[in-house]
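Note that this is a predicted model, so its numbers are computed, not measured. Just so it is clear, the values below take in all heavy atoms, side chains as well, and ignore hydrogens, waters and symmetry mates.
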Amino acid sequence: MSLSALRNIGVIAHIDAGKTTTTERILYYTGKIHRMGEVDEGSAQMDWMPQEQERGITITSASTTCIWRDCMINVIDTPGHVDFTAEVERSLRVLDGAVVVFCAVAGVQPQSEKVWRQADSYGVPRVVFINKMDRIGANPDKTLEEITKVLDAQPLPLQIPVGVESGFSGVVDLITMKMLIWESDEDEAPAEEEISEDLLEEAGRLRETLLETLSEVDERVMELYLEGGEVIPEIAREAVRRGTIDRNFYPVMFGSSMKKKGVQPLLDSIVDYLPSPLDKPPVSGYLESGEEETRTHSVKDPFCALLFKIMSFPGRPTLFYVRVYSGTCRIGGQMKNSRSKKVERAMKIMRMHANRREEIKEMKAGDLVALVGLKDARTGDTLCDPGHPISLEKPYFPEPVIFISIEPKSAKDQDKMMDVLERLSEEDPTFVVRIDDETGQVILSGMGELHLEVLVGRLFNEFNVQGRVGNPQVSYRETVTRKVEVSERFEKEIGGKEHDASVTLAIEPLPGGGAVQFEDRTGEAQIPEEVISSISEYVTEGSGSGAKAGYPVIDVKVNLMDATYNSERSTDMAYRAATISALAKGLRDGKPILLEPVMAVEVESPDEYTGEVMGTLTLRRATIEGVSRQGQVEVIDALVPLREMFGYTTILRSVTQGRGTFTMELAQYRQVEEK
């Protein structure tokens with residue numbers, strides 16, 4: 001199959017918008033599965049993990065491959081819960097296009113906005129599917145308005161819904177000017193009819209709007225439109241495709257995945273409007289010399305792939321998911337890891353269908369596959385032709401904000417627990433495992449209570465390791481409040497060799513929200529570049545533990561003002577000791593303060609409970625940002641310190657009789673208020 005007939009897409013949205021249900025319908029109508037699974041019943045093909053089936057949510061992104069209209073579609077179904085946002089991040093890094101699912105009732109929700117911004121950052125073209133048109137309170141016009149205002153994007157409706165709520169029965173296709181009607185909730189193809197008289201005027205008006213928009217991106221449409229000629233569907237589709245790939249607008253489709261309505265036209269839109277690898281610009285990376293180089297999406301260029309996901313299983317080989325950008329590689333072929341500089345070989349290459357596997361003999365440009373047999377590989381590594389090494393950009397992963405302690409129930413579980421935790425941390429870059437230097441406790445850090453709860457559940461149930469878990473704790477940060485300059489010298493003879501170096505650092509506070517910055521201000525001093533680079537690395541290392549309570553340091557700039565250099569005595573050990581000692585002294589003298597994570601919280605509740613919900617937030621030192629109405633619920637936006645949100649799920653359920661929900665994500669760090 002040619003690259004032009006390949007689509008690598010993701011399905012992204014807020015939790016409960018209907019991503020997995022939509023994906024199940026896609027798999028059914030493409031013939032990949034013969035029975036539609038349901039999320040609520042725990043039978044969805046893509047939610048294969050036991051915890052996903054129990055909770056009715058997607059936890060890990062799952063990939064599969066299907067065929068529609070002679071086009072191969074690689075689909076990744078991503079989580080919608082904010083605790084698992086890293087799964088969306090790494091998926092979007094390797095995808096060419098996406099389907100964004102919005103709930104017709106709730107509109108643009110917090111995680112909808114989050115995943116949209118993530119897609120923006122990677123330049124991913126999208127089609128929009130407004131789902132749940134059959135639900136009470138469905139308001140597609142409001143959803144379109146919110147896409148325009150909240151997301152600052154131009155939606156381009158290609159359809160008109162025929163009815164809403166219980167009366168939703170189909171759509172008017174503005175490209176063909178035909179009406180598609182699903183006669184029942186059975187899994188049947190829609191009937192194509194002439195547009196009914198009550199929708200004919202609106203369809204004509206929106207068709208004109210559509211052609212006006214398309215004429216801005218396509219000269220043929222412009223000529224035909226201005227001359228009053230007919231814009232046939234083929235020309236219109238080509239114009240929509242061009243504008244979609246360039247992200248001038250985002251085609252919008254309507255449907256109800258649960259009621260099996262609107263999915264076939266959505267599949268058509270994936271084939272017609274989302275890009276193939278050939279429509280994407282060449283991927284760029286860096287050679288070992290530091291020069292930038294591009295690779296085209298072609299089997300003729302040297303092999304190049306990005307490892308974007310790792311999955312561990314008890315008693316089974318680890319899977320390494322890669323996106324191949326150029327070239328080909330067969331089973332057992334040599335691949336160089338540009339990070340470790342080691343040569344790897346894949347013992348198996350597999351196409352995945354959730355947790356089921358299909359072995360293939362080679363991988364080539366455009367493929368999304370899983371490998372078995374890699375020895376030293378991490379998320380974000382580049383695998384490439386040993387004769388043409390290159391390093392691609394890694395996915396970005398946010399810092400964890402919450403941690404718990406864990407200890408094995410027995411001594412025999414100790415080694416096994418640490419081995420499993422290491423595997424899980426390799427699998428999930430936002431899950432950090434460390435041992436506290438003072439207490440010897442094992443500390444697990446993650447993105448939220450649910451994130452850690454799921455990972456501990458996997459440890460206990462999937463890997464059969466028993467342990468005791470402490471209460472969740474906040475992962476604080478530290479910073480300084482004044483500028484200081486410090487000098488430290490390390491001078492010692494070890495094993496008959498002299499180690500001597502001194503370092504002078506100026507440390508100053510920065511505005512909130514950033515990692516530690518390093519700047520070389522030694523000027524004309526004759527200090528080798530490799531020494532400057534080493535000192536920068538040691539500043540980063542020393543910033544992992546602050547002077548006040550040992551938390552990581554942020555919002556600080558470290559300037560290297562001076563350093564001694566002697567080719568015989570100035571060793572790497574001496575620079576490390578002097579740098580870390582100077583940094584520690586500077587952080588102590590800089591009047592350090594403790595910073596706590598503050599979360600952007602959005603609570604959805606029936607309006608009769610709004611007063612009680614506001615009260616629960618006020619008790620948690622919340623700053624109320626606003627209250628709005630979405631359908632039948634009130635939405636409260638607030639900023640709340642993370643330490644006040646532990647256990648809030650139970651309290652919210654209590655005051656709203658189980659009908660309230662909330663989401664939260666890190667908004668900022670601010671100084672801890674003393675109680």
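Contact annotation: the side chain of P597 approaches that of V474 to within less than 4.5 Å [non-hydrogen atoms, C-beta and beyond]. Counting only heavy atoms from C-beta outward, the side chains of M179 and L199 approach each other to under 4.5 Å. A heavy-atom distance below 4.5 Å is not found between the side chains of V252 and F129. When side chains are defined from C-beta on, R25 does not count as touching T30, because their heavy atoms never get closer than 4.5 Å. K259 is not listed as a side-chain neighbour of R135, based on a closest heavy-atom distance of 4.5 Å or more. Counting only heavy atoms from C-beta outward, the side chains of F431 and S445 never approach each other to under 4.5 Å. Side-chain contact between L95 and I9: absent, with no pair of heavy atoms (C-beta onward) separated by less than 4.5 Å. Put simply, the side chain of L642 does not reach to within 4.5 Å of the side chain of E596, judged on heavy atoms.
Annotation for R670: atom CZ counts as buried by contact number, over 12 foreign heavy atoms lying within 6.0 Å. In the displayed structure, D198 atom CG is contacted under 6.0 Å by more than 12 heavy atoms of other residues, nucleotides or ligands.
Using modelled atom types, no side-chain atom of S654 and backbone atom of T650 make a donor-acceptor pair closer than 3.5 Å. R620 places a side-chain N or O within 3.5 Å of a backbone atom of E644 that can act as its donor or acceptor partner. Looking at R207, its side chain does come within 3.5 Å of a backbone N or O of I175 through a donor-acceptor pair. A donor-acceptor contact shorter than 3.5 Å links the side chain of E478 to the backbone of A549.
Using cut-offs of 30° and 60° for the angle between ring planes, the F662 and Y648 rings count as perpendicular. The aromatic rings of F403 and Y551 lie tilted to each other, with the angle between the two planes from 30° to 60°.
Proximity of the aromatic rings of F168 and W182 is defined here by a centroid distance below 6.0 angstrom, and this criterion is not met.
No side-chain N or O of S257 forms a donor-acceptor pair with one of T21 less than 3.5 Å apart.
Here M253 contributes atom CE and D268 contributes atom CG; the two are 7.5 Å apart, rounded to the nearest 0.5 Å. Note that NZ of K309 is 7.0 Å distant from OG of S91, once rounded to the nearest 0.5 Å.
The pair R629-D607 meets the salt-bridge criterion, since a charged nitrogen lies less than 4.0 angstrom from a carboxylate oxygen.
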